[in-house]
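Remarks on the structure that follows.
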Amino acid sequence: MTQESPAAIATLRQTALIILADNENDMQFDWRAISGPALTSATALIAISVDRYFMAIPDPAPLLICIVAFAGLRSGLASAMVSAAIAVASSALFVFDDGAASGYETADLVRLAMLAVTAAGAAGITGLLRKRKLATLARERMHHATAERLSAALDQIDIGIVLLDSDTRAEFINRAFRDYFSLPDAKADSKPPFIALMYHSRDTGAYELPEEELNAFIAQRTEMMRSGDSTPININLADGRVLRFSCTALPDGGRMLSYTPVTDLVRHNDDLSNAEYYRALRGGGDHGFARQLRAAAE
């Protein structure tokens, strides 16, 4: 055997696998599409056989209509219409079998006509309902994908964003807000009310405020949020950062809260003679803006 034989064998094996895969794909059927017509045919054949060879049974038309509706909801309009045609033809055979001696009577023809209209109506209604349901699901998936992309984008910015529903519960809290106020992910994802976020920030010492002023500050912020007051206010954090808070009322009764970092703008206008005071409030942290302030004071 030559050295090229293993490569040739591998090539033949790969070719055989590709051929088998293609054949398998060709042999695949859309079982969902043919389930309705197949079930309709099987039900009609069983009914005709039982009626002919065992005992007389009523016309299975109502059961066939139910199967037509099932086919429309499961597989769509095309499958339902095929099932409806099979149901009408089967019912015609059933009626002819019962009245083989005298043939079709006027009442039988009227009944078959009504069955045809009912079957076509059931097929059309259920097929359209399925189409609308699929369209709704597609829109929901698209909206969900858009919401995920928007959420990911909002997590990349340095502006804290909180979306509140009409009951003031947080439906979305981005990464910047969680970082500014040391909010754990578990608590942020639990949809806490706005007041709980305020108390969390108070309890973790996030605000650069005396303790006796915190309750009044929280009450003011809560009232601004509830009234939809869009007047921006500056919030001084204990670590020296300054956030500009703004509230936007949404059409559905919710609120969008934004916390924009404006430390450089605000601290640049600080009185340089109070540099030591500001550094004391910041807990002695050596932040970039603090170093700039110290250098300017010196």
Side-chain angles (χ1 to χ4, degrees), residues 137-209 213-268 278 281-283 285-290 292:
L137 290 176
R139 287 195 299 270
E140 288 180 353
R141 281 195 287 266
M142 182 179 67
H143 292 164
H144 182 68
T146 302
E148 286 188 343
R149 289 196 296 269
L150 180 59
S151 175
L154 291 178
D155 278 337
Q156 302 301 317
I157 62 177
D158 62 351
I159 300 175
I161 299 293
V162 179
L163 297 180
L164 304 177
D165 61 14
S166 57
D167 294 327
T168 72
R169 299 189 71 88
E171 291 187 323
F172 172 78
I173 302 175
N174 77 334
R175 178 56 53 188
F177 181 93
R178 303 183 190 203
D179 293 340
Y180 289 145
F181 297 97
S182 302
L183 184 66
D185 290 341
K187 189 169 186 177
D189 296 335
S190 65
K191 296 185 177 181
F194 175 76
I195 192 67
L197 297 177
M198 296 293 298
Y199 284 139
H200 169 81
S201 302
R202 181 200 64 181
D203 296 340
T204 56
Y207 299 120
E208 188 183 77
L209 283 173
E213 297 180 13
L214 283 174
N215 290 333
F217 173 73
I218 292 175
Q220 177 192 12
R221 289 274 311 283
T222 303
E223 179 59 29
M224 289 181 64
M225 181 275 300
R226 291 187 181 277
S227 64
D229 188 352
S230 59
T231 304
I233 62 172
N234 290 343
I235 300 175
N236 297 339
L237 301 184
D239 61 3
R241 289 181 289 188
V242 181
L243 303 177
R244 181 156 295 169
F245 167 78
S246 179
C247 175
T248 302
L250 301 179
D252 62 352
R255 299 288 186 267
M256 184 183 76
L257 312 179
S258 62
Y259 298 78
T260 305
V262 292
T263 304
D264 293 339
L265 296 176
V266 174
R267 295 306 190 188
H268 180 72
Y278 288 119
L281 288 180
R282 295 164 196 159
D286 193 15
H287 301 284
F289 56 84
Q292 295 176 5

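- The backbone N or O of P184 lies less than 3.5 Å from no partner atom in the side chain of H200, so there is not a single donor-acceptor pair.
- Scanning for salt bridge (Lys or Arg N to Asp or Glu O under 4.0 Å) contacts around D185 gives R175, R178, with sequence neighbours left out.
- Residue L163 holds its CG atom at 7.5 Å from CD of E171, rounded to the nearest 0.5 Å.
- S190 places a side-chain N or O within donor-acceptor distance of the main-chain N or O of K187, the cut-off being under 3.5 Å.
- Taking each heavy atom of T231 and M224 in turn, the nearest pair found is O-CE, 3.3 Å.
- For the pair Y207 and E213, the minimum side-chain heavy-atom distance is 4.5 Å or more.
- The minimum heavy-atom distance linking L154 with N174 is given by the pair O-ND2, 3.0 Å.
- Between F177 and L183, the closest side-chain pair of non-hydrogen atoms falls below 4.5 Å.
- Using a distance-only test at 3.5 Å, with no hydrogens or angles considered, no donor-acceptor pair links the side chain of N236 to the main chain of V242.
- Looking at L237 and E208, their side chains never come closer than 4.5 Å, going by heavy atoms from C-beta outward.
- Residues F181 and T204 approach most closely at O-OG1, 4.1 Å, considering heavy atoms.
- For D167 and R169, the salt-bridge test fails: no basic side-chain N is under 4.0 Å from an acidic carboxylate O.
- Residues R226 and T168 meet the side-chain proximity criterion, which asks for heavy atoms closer than 4.5 Å.
- Looking at S227 and D229, their side chains never bring a donor and an acceptor atom within 3.5 Å of each other.
- Between D203 atom CG and S182 atom OG the span is 12.5 Å, to the nearest 0.5 Å.
- I195 places none of its side-chain heavy atoms less than 4.5 Å from the side chain of L197.
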Worksheet item: What do the steps show when you test Y180 against I235 for side chain to side chain contact (heavy atoms under 4.5 Å, CB included), and what is the final call?
Response: CA-CA 11 Å; Y180 289 145; I235 300 175; over 6 Å; no

Discussion item. Using side chain to side chain contact (heavy atoms under 4.5 Å, CB included), reason through R202 and I218 one step at a time and then give a plain yes or no.
Written reply: CA-CA 9 Å; R202 181 200 64 181; I218 292 175; 3.9 Å; yes

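- Minimum heavy-atom separation, S246 to S230: OG-O, 3.9 Å.
- Remark: the E140 side chain and the H144 side chain contain no N/O donor-acceptor pair separated by less than 3.5 Å.
- What you find for I157 and A176 is that their closest heavy atoms are O-CB, 3.6 Å.
- From T263, atom OG1 reaches atom CZ of R244 across 10.5 Å, with rounding to the nearest 0.5 Å.
- Counting only residues at least two apart or in different chains, side-chain hydrogen bond (donor to acceptor under 3.5 Å, both in side chains) contacts with residues 247-261 comprise R221-Y259.
- With hydrogens and angles disregarded, no donor-acceptor distance shorter than 3.5 Å links the side chain of D165 to the backbone of G254.
- When the ring pair (Phe, Tyr, Trp, His ring centres under 6.0 Å) test is applied to Y199, no partner is found at least two apart in sequence or on another chain.
- A distance of 11.5 Å separates CZ of F217 from CG of N215, quoted to the nearest 0.5 Å.
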